[in-house]
Amino acid sequence: MAGPGGLFSCPEMSAEELIAAFEANPLRLREAIGGLSTAELKAKPIAGKWSIQEITLHVVDTEVMAAARIRQTITDSERTFSLWDQAVWADLLRYQDASVAEVEEALALYAALRRASGYLLRRLPEDVWQRIGVHKRRGVEVTLRQLVEHHTVHSEQHIGQILERRKLLGREISMAPLVTAE
């Protein structure tokens, strides 16, 4: 369900269940794009919307920001998150032009960042999960837990977009959502 400022949440999960889902996202993303050709990854079956490759690289770059925000929320006295514009990143970082090798490296980075963050989150005392960061664009305070919930659901929503595009390309696979936003 949507939490404060439109952030996604899944409060029914224990911290351990949440971390397990958070860590599962990279493998699920890899599964969602598995077996697709370069042409299929770059195809745009929905006019004006990102390709599967662009979605994939967006998820990875979001994780770069998420990993920093998680650490910032835990450690900094000034916890206002830096802003970034996903459309600008996709355009100027030329997601659509990335090679197969670059996408593979990005997927490896995503998995490594999630594993490292998962290790970190498991070591934290329970009270740290309530530390606050400030999402400047949305103007809301976000707990560390809400931040992890949001990024877990965010990844799953983009996996859903990839599955939708696969279906439109005639390459449908079945994957049940790990978590959902209501």
Engineer: Report the residue from E63, Q53, H158 that forms a side-chain hydrogen bond (donor to acceptor under 3.5 Å, both in side chains) with H58.
Structural biologist: H158
Engineer: Do V140 and L144 sit in one hydrophobic cluster, given that two such residues count as connected whenever their side-chain heavy atoms are within less than 4.5 Å of each other, even indirectly?
Structural biologist: yes
Engineer: Could you tell me whether the side chain of R122 and the main chain of E16 form a donor-acceptor pair under 3.5 Å?
Structural biologist: no
Engineer: Following the transitive rule for hydrophobic clusters with a side-chain heavy-atom cut-off under 4.5 Å over Ile, Leu, Val, Met, Phe, Trp and Tyr, establish whether L18 and I132 coincide in one cluster.
Structural biologist: no
Engineer: Is R71 atom CZ crowded by more than 12 heavy atoms from other residues, nucleotides or ligands, each under 6.0 Å away?
Structural biologist: yes
Engineer: Would you find more than 12 non-hydrogen atoms of other residues, nucleotides or ligands less than 6.0 Å from E126 atom CD?
Structural biologist: no
Engineer: Do E102 and S99 pair up side chain to side chain, a donor and an acceptor below 3.5 Å, judged on atom types alone?
Structural biologist: yes
Engineer: With distance as the sole criterion, is a donor-acceptor pair present between the side chains of Y110 and S155 under 3.5 Å?
Structural biologist: yes
Engineer: Check whether any side-chain N or O of E156 sits under 3.5 Å from a backbone N or O of P177 as a donor-acceptor pair, and report yes or no.
Structural biologist: no
Engineer: Over all heavy atoms of both residues, which pair between L163 and A32 is shortest? Give the atoms and the distance, please.
Structural biologist: CD2-CB, 4.4 Å
Engineer: Which salt bridge (Lys or Arg N to Asp or Glu O under 4.0 Å) pairs, counting each pair once, include a residue from residues 33-46, with sequence neighbours left out?
Structural biologist: E40-R171, K44-E54
Engineer: Can you give the donor-acceptor pairs under 3.5 Å from side chains of residues 80-90 to other protein atoms, not counting sequence neighbours?
Structural biologist:
| from | atom 1 | to | atom 2 | distance (Å) |
| --- | --- | --- | --- | --- |
| T80 | OG1 | E78 | OE2 | 2.6 |
| D85 | OD1 | A87 | N | 2.9 |
| D85 | OD1 | V88 | N | 3.2 |

Engineer: Check the surroundings of atom CD in E105: do more than 12 heavy atoms from other residues, nucleotides or ligands lie under 6.0 Å from it?
Structural biologist: no
Engineer: Between F22 and V179, is any pair of side-chain heavy atoms under 4.5 Å apart?
Structural biologist: no
Engineer: Answer yes or no: is there a donor N or O on one side and an acceptor on the other, between the side chain of Q130 and the main chain of D127, under 3.5 Å?
Structural biologist: no
